[in-house]
Amino acid sequence: MTVTAIVGANWGDEGKGKVTDALAAESNYVVRYQGGSNAGHTIINGYGKFALHLLPSGVFHPNVVNVIGPGVALDMTALLSERDALLARGVPEPKLRISDRAQVVMPYHRMFDELEEERLADRKFGSTKSGIAPFYSDKYFKLGIQVADLYQEARLKSRIQASLEAKNVLLTHLYNKPTLDAEALLPQLLEEAEKIKPYLCNTTVLLQTALQNAESILLEGQLGALRDPDHGIYPYSTSSSTLAGFAAVGAGLPPSAIRHVVTVVKAYSSCVGAGPFISEIAGQEADELRRRGGDAGEFGVKTGRPRRMGWFDVVATRYGCAVQGATEVVLTNLDVLGYLPEIPVCEAYELDGVVSGHFPVSARIDEARPVLKSLPGWMSDISGIRRFDELPQQARDYVLYIERQLGVLIRRISVGPNREQMIER
């Protein structure tokens with residue numbers, strides 16, 4: 001029996017979807033435990049190239065049960081559209097289970113997300129406008145709608161009315177928009193509720209039973225450690241915990257069940273959205289890395305926005321691995337760096353004239369400056385290599401340098417976007 005959390009060490013965009021897809025082949029369950037449709041995982045396999053936003057990354061394996069846990073922000077419209085898109089491209093119907101305790105992203109959550117980003121203008125936080133911050137705000141204000149509420153119409157209407165009381169005041173007096181009516185929201189909600197009904201169950205019991213039966217469970221995280229609202233670059237964070245420590249809560253498993261934390265790290269840095277990014281590069285240097293990166297350039301899976309680019313950041317990544325509790329690392333996109341004769345890395349930060357390897361608190365991080373070191377490049381294509389000892393010496397040295405700096409074993413190395421382009425050590 002194994003329960004493994006797959007999480008990111010940085011700003012997101014590390015390649016968690018590919019890793020989950022690869023490891024899912026030997027798993028019984030893949031579980032999304034937090035976040036919503038506000039980010040995406042890119043997966044390339046025999047069916048083609050896919051961007052998943054809500055569906056767990058095990059949906060391409062017919063033997064895997066894919067679970068959306070109670071900690072997820074469930075956007076029914078997005079989920080149904082994503083499922084339909086898979087089926088239309090020849091992917092067999094996935095085994096899907098949705099927690100009846102998950103809460104629903106409402107149309108007004110998306111609306112308020114858009115309105116607030118417009119109001120903030122140049123002070124905005126780079127939201128994907130998927131309704132995530134308003135959703136989690138309602139959840140903790142105890143105004144959320146659980147999936148089970150969708151099948152009790154009187155209760156559902158009452159819950160929506162309670163949520164709209166304050167929102168309609170804001171719509172009128174802050175945003176100068178028409179008010180919302182609970183009755184008008186019901187038809188679409190009830191229609192979508194019927195469509196997802198076949199997938200509903202008590203996923204906590206499902207997974208607890210799987211645990212007792214010694215079945216293999218993958219817990220799939222969204223975004224990365226630096227987007228965590230407590231430990232990340234607040235307020236340029238997401239609205240749910242991105243850490244493996246939350247995986248037990250969001251999935252409905254005991255914390256002691258999680259024995260492995262696979263932390264995904266990119267061989268360079270990339271970032272979608274606003275906020276501090278110490279190793280960031282610009283101009284032609286960034287354009288070239290962006291063009292070569294990812295599977296078709298470094299662009300946000302959800303937004304399509306060009307990712308901000310940077311060199312590998314030892315300080316941020318070591319911190320991310322520590323707060324995730326990494327037991328092993330997967331290093332992705334190593335092949336991308338094959339065009340560089342020398343590869344810069346950010347080895348430390350300088351803050352107040354002091355060079356340090358510690359990640360600063362959010363209020364000070366903007367003042368930090370990168371301390372760079374160059375490592376020799378290998379100037380060759382490594383995408384076809386499947387054994388570590390067959391990599392060029394400079395590529396092996398780069399991997400071992402990162403491993404020493406992180407203090408965590410790099411167990412797997414991705415050398416291309418496809419599932420099979422993985423080296424195991």
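Since the model is a prediction, treat every value here as computed from it, not as a measurement.
Classification of Asp84 and Lys195 as a salt-bridged pair fails, no side-chain N sitting under 4.0 Å from a carboxylate O.
Between the side chains of Asp228 and Ser237, no donor-acceptor pair of N or O atoms lies under 3.5 Å. Counted by atom type alone, Gln103 and Tyr136 present zero donor-acceptor pairs between their side chains at under 3.5 Å.
Using cut-offs of 30° and 60° on the angle between ring planes, the pair His109 and Phe135 is perpendicular. Aromatic ring orientation, Tyr175 versus Phe112: perpendicular (interplanar angle above 60°, classes split at 30° and 60°).
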When the side chains of residues 61-77 are checked against the rest of the protein, which donor-acceptor pairs come out under 3.5 Å, sequence neighbours left out?
from	atom 1	to	atom 2	distance (Å)
His61	NE2	Asp21	O	2.8
His61	NE2	Asp21	OD1	3.2
Asn66	OD1	Gly58	N	3.3
Asn66	OD1	Val59	N	3.1
Asn66	ND2	Val64	O	3.4
Asn66	ND2	Lys95	O	3.2
Asp75	OD1	Thr77	N	3.2
Asp75	OD1	Ala78	N	3.0
Asp75	OD1	Arg110	NH1	3.3
Asp75	OD2	Arg110	NH1	2.8
Thr77	OG1	Gln188	NE2	3.4
Thr77	OG1	Glu192	OE1	3.3
Thr77	OG1	Glu192	OE2	2.6

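With sequence neighbours excluded, the residues forming a side-chain contact (heavy atoms from CB on, under 4.5 Å) with Lys18 are Ser414, Gln421, Met422, listed by chain and number. Under the ring-ring contact (aromatic ring centres under 6.0 Å, His included) criterion, Tyr401 pairs with no residue, sequence neighbours left out.
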Inset, instruction - Would you sort out whether Ile343 and Trp378 count as a side chain to side chain contact (heavy atoms under 4.5 Å, CB included), showing the intermediate values? - result: CA-CA 9 Å; Ile343 305 172; Trp378 47 94; 3.4 Å; yes
Inset, instruction - Begin from the C-alpha positions of Gln324 and Thr263 and carry the test side-chain hydrogen bond (donor to acceptor under 3.5 Å, both in side chains) through to its verdict. - result: CA-CA 7 Å; Gln324 290 288 14; Thr263 304; 5.7 Å; no
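For residues 265-279, every residue pair satisfying the side-chain hydrogen bond (donor to acceptor under 3.5 Å, both in side chains) rule, not counting sequence neighbours, is listed here: Lys266-Ser270, Lys266-Glu298, Tyr268-Glu298, Tyr268-Asn333. Sorted pairs that involve residues 66-98 and meet ring-ring contact (aromatic ring centres under 6.0 Å, His included), not counting sequence neighbours, are lacking altogether. For residues 9-36, the set of pairs meeting the ring-ring contact (aromatic ring centres under 6.0 Å, His included) definition, not counting sequence neighbours, comprises Trp11-Phe277.
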